[in-house]
Amino acid sequence: MTGVSKKIEGVRVQVALKTAEDVIHLVVAVFLVLLAALLAVGVVGDVVAAFRGPYEEQTIVLSALDSSLVLFIVAELLHTVRLTIRDRSLNAEPFLVVGMIAGVRKVLIVTAESEKSFSWQVQGIELVILTALILVMTLALFIWRRAMAIGARPEVKLPS
């Protein structure tokens, strides 16, 4: 093979791999959209069923809040897939946001469930760890955004 034909073959392989990558991303996006639709239908169904049955405010609110936050996480993941397809790079920021939402979701659930029988042995330690994780992710997101802002600034050349 000549150098030109090897180069053409390499380009074909790269195009095929990029196409395969895009197809995989699109399949993931379709699954996330389907999951979001199922979650939305589930939230509405749970709220309607809760209003029909014995009315318990805390159960309705917890169920709707939990499902809504999971739906929000799915939406953020879909946003991440869209950015990955558009920019052809993987950005850490959306994953930090998803992690923070998941952490806040778990804190709300643990706090609400342990309202009547709080124990530092189980729930307290879990809340401390979750709070620390949320703070670390918040700090990482702050540092990430500052680094991106600094990297995006045009260099100013000082007169010599």
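For the atom pair Ile85 CD1 and Arg82 CZ, the distance stands at 9.5 Å (nearest 0.5 Å). For the atom pair OG1 (Thr111) and CG (Leu130), the distance works out to 9.0 Å, reported to the nearest 0.5 Å. The distance from atom CD1 of Ile109 to atom CG of Asp66, rounded to the nearest 0.5 Å, is 4.0 Å. The CG atom of Leu77 lies 11.0 Å from the CZ atom of Phe72; values are rounded to the nearest 0.5 Å. Note that the CG atom of Leu32 and the OG1 atom of Thr80 stand 9.0 Å from one another [nearest 0.5 Å]. The CG atom of Leu139 sits 14.0 Å away from atom CD1 of Ile134, with the distance rounded to the nearest 0.5 Å.
In terms of heavy-atom proximity, Val43 sits nearest to Ser68 at CG2-N, 4.3 Å. Shortest non-hydrogen contact noted between Ala29 and Val81 is CB-CG1, 4.0 Å.
One hydrophobic cluster, built from ILVMFWY side chains closer than 4.5 Å, holds both Ile73 and Leu141. By the rule that hydrophobic residues join a cluster once side-chain heavy atoms approach within less than 4.5 Å of another member, Leu135 and Ile129 end up as members of separate clusters. In terms of hydrophobic clustering, with Ile, Leu, Val, Met, Phe, Trp and Tyr side chains grouped at heavy-atom distances under 4.5 Å, Val98 and Val33 are assigned to a common cluster. Under the 4.5 Å side-chain contact rule for hydrophobic residues, Leu83 and Val28 do not share a cluster. Note on Ile125 and Val107: same hydrophobic cluster, where clusters join Ile, Leu, Val, Met, Phe, Trp and Tyr whose side-chain heavy atoms are under 4.5 Å apart, directly or indirectly.
Taking the side chain as every heavy atom from C-beta outward, Val74 and Leu39 approach each other to under 4.5 Å.
A donor-acceptor contact shorter than 3.5 Å links the side chain of His25 to the backbone of Glu21.
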